[in-house]
Number of protein chains: 2
Amino acid sequence: MKYIEKLRNSGLRPTKQRLQICEVLFDRDKTFHFTINELERKIKKQTDSKISLATVYNTVHAFEKKGYLKQIPINSSETYFDTNVTDHHHFYDLKEEKLIDLENSDVGPINILKKINGKKIKSVEVLVKLED
Amino acid sequence: MKYIEKLRNSGLRPTKQRLQICEVLFDRDKTFHFTINELERKIKKQTDSKISLATVYNTVHAFEKKGYLKQIPINSSETYFDTNVTDHHHFYDLKEEKLIDLENSDVGPINILKKINGKKIKSVEVLVKLED
DNA sequence: TGGTAGTTTATAATGATTCTAAAAAAGTGT
DNA sequence: ACACTTTTTTAGAATCATTATAAACTACCA
Ligand SMILES: [Mn+2]
Ligand SMILES: [Mn+2]
Ligand SMILES: [Zn+2]
Ligand SMILES: [Zn+2]
């Protein structure tokens, strides 16, 4: 099974629940932006089985720690995650509360001129808020 | 007093507590990035008086609604606010959990090429995460 | 197959934020 | 100043996303 390696790399054994989470997370063409509760709803619908919220949180956090998921900084009541773990930019539709990926070519190179003593840049991300 | 107008514009009467909040928020040269709890601590220290957390929350939210404060999107357990309400960019020091303003000239103009049907751009902000 | 370490789950705890309602303060008219 | 109304402050409760707990369950390996 193709998700076993991701799980083992994340320090997790491949269990039925975790494989179901993987199917919802990674069996798709496009980037998936989600909150834990959206993910749980999709799991219930897609696999017709109930998984404990704790297992969803634990698995998502293990994947995030390993770099298979990333958190997106948004001021919302819920934390957003992203299956696109590359350094990339977003539209955030304020009305729909939905994230949309931006290609680097949609934004162009960003050159940070200021330097902070003893610190190095880990990531550079643009958030473009959209309204109607 | 110079803060009375800000308060009245925000639909708030100038009370002792609110003026104390204003002094901590706005009586400064540089941008102030803060969480509600940091703000409360500064109020206690600077004015040597105790203000109810509820009053701090209410006042900050009224100022944010009116545009005298803005929220900064950061994935942290606490919400960050900023006294610099212009469209601007940030460093975020992951170790110190501190925000630092970037001038527009430190980043240069950002041109968003992609368009979304029926939506217009409200803001474009860059977040640069820093590590050691 | 049995033993052990890892996992799932329901449930409790936590902590930031929001809500509530009673007491306090401020505004208003006399 | 006084009585009266409206707004504000405040402590504490409620809410809700997230994290912790610990007992039942399962995967893995000898
Ligand atoms: Mn999290
Ligand atoms: Mn808030
Ligand atoms: Zn994305
Ligand atoms: Zn700022």
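Proteins get letters first, then strands, A, B, ... in listed order; numbering begins at 1 in each. The shown structure was predicted, so the numbers you read here are calculated from the model rather than taken from an experiment.
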* Any donor-acceptor N or O pair under 3.5 Å, side chains B:Asp87, B:Ser123 -> no

* Asked: OP1 or OP2 of D:dT18 sitting under 4.0 Å from any side-chain N/O of A:Tyr57?
  -> yes

* To do: Would you mind reading off the distance between B:Lys50 atom NZ and D:dT10 atom P, rounded to a whole angstrom?
  => 9 Å

* Structure fact -> In whole angstroms, the gap separating P of C:dT9 from NZ of A:Lys44 amounts to 11 Å

* To do: In whole angstrom, give the distance that lies between atom CD1 of B:Ile74 and atom C1' of C:dA16.
  => 17 Å

Which donor-acceptor pairs under 3.5 Å do the side chains of residues 48-56 of chain B make with protein atoms, sequence neighbours left out?
{"residue": "B:Ser49", "atom": "OG", "partner": "B:Gln20", "partner atom": "OE1", "Å": "3.1"}
{"residue": "B:Ser49", "atom": "OG", "partner": "B:Gln20", "partner atom": "NE2", "Å": "3.1"}
{"residue": "B:Ser49", "atom": "OG", "partner": "B:Thr47", "partner atom": "OG1", "Å": "2.9"}
{"residue": "B:Ser52", "atom": "OG", "partner": "B:Ala54", "partner atom": "N", "Å": "3.1"}

* Structure fact -> Ranking B:Glu78 and B:Pro14 by the position along DNA chain C of their nearest nucleotide, the one closer to 5' is B:Glu78

* To do: May I ask you to say what B:Arg8 touches in the nucleic acid, namely base, sugar-phosphate or nothing, with a heavy-atom cut-off under 4.0 Å?
  => nothing

* Sidechain N-carboxylate O distance under 4.0 Å for A:Glu23, A:Lys42 -> no

* **Nucleotide nearest B:Arg13 (side chain, heavy atoms from C-beta), chosen from C:dA5, C:dA26, D:dT10** => C:dA26

* Any residue meeting side chain to side chain contact (heavy atoms under 4.5 Å, CB included) with B:Lys45, in chain and number order, not counting sequence neighbours -> none

* Per B:Ala54 side chain, nearest of listed nucleotides D:dC28, C:dC19, D:dT18 -> C:dC19

* **B:Gln17 side chain, from C-beta outward: closest of C:dC19, D:dT9, D:dC28** => D:dT9

* Asked: Counting side-chain heavy atoms from CB outward, which of C:dT7, D:dT18, C:dA10 is closest to A:Thr79?
  -> D:dT18

* To do: Check whether any side-chain N or O of B:Arg18 sits under 4.0 Å from OP1 or OP2 of C:dA25, and answer yes or no.
  => no

* Quick one: is the NZ or CZ of A:Lys6 closer than 6.0 Å to the six-membered ring centre of A:Phe26, and within 45° of its axis? -> yes

* **Stacked cation flag A:Lys129 on A:Tyr92, 6.0 angstrom / 45 deg** => no

* Nearest-nucleotide comparison on DNA chain C, the residue closer to the 5′ end among B:Lys16 and B:Asn37 -> B:Asn37

* Choose from C:dC19, C:dT17, D:dT18 the nucleotide whose nearest atom is closest to any side-chain atom of A:Leu53. => D:dT18

* To do: Take the C1' atoms of the five end pairs on each side of the helix from C:dT1-D:dA30 to C:dT30-D:dA1, get both axes, and report the angle to 10 degrees.
  => 20°

* **Phosphate-side-chain proximity, B:Thr55 and D:dT10, N/O vs OP1/OP2 below 4.0 Å** => yes

* Rounded to whole angstroms, how far apart are CD on A:Glu38 and P on D:dT18? -> 11 Å

* Atom CD of B:Glu64 and atom C1' of C:dT17: how far apart are they, to the nearest Å? -> 13 Å

* How many Å lie between CG on B:Asn58 and P on D:dT9, as a whole number? -> 8 Å

* Among the nucleotides C:dT7, D:dT9, D:dT18, which one has an atom lying closest to any side-chain atom of B:Thr15? -> D:dT9

* To do: Counting heavy atoms from C-beta on, name the nucleotide in C:dT18, D:dT19, D:dC28 closest to the side chain of B:His61.
  => C:dT18

* Does any donor atom in the side chain of B:His88 or B:Asn104 lie under 3.5 Å from an acceptor atom in the other side chain? -> no

* Judged by modelled atom types alone, do B:Asp82 and B:His90 share a side-chain donor-acceptor pair under 3.5 Å? -> yes

* To do: Please report, rounded to the nearest Å, how far the C1' atom of C:dT9 is from the CD atom of A:Glu40.
  => 12 Å

* Structure fact -> Here the distance between atom P of C:dT17 and atom CG of A:Asn75, to the nearest Å, is 10 Å

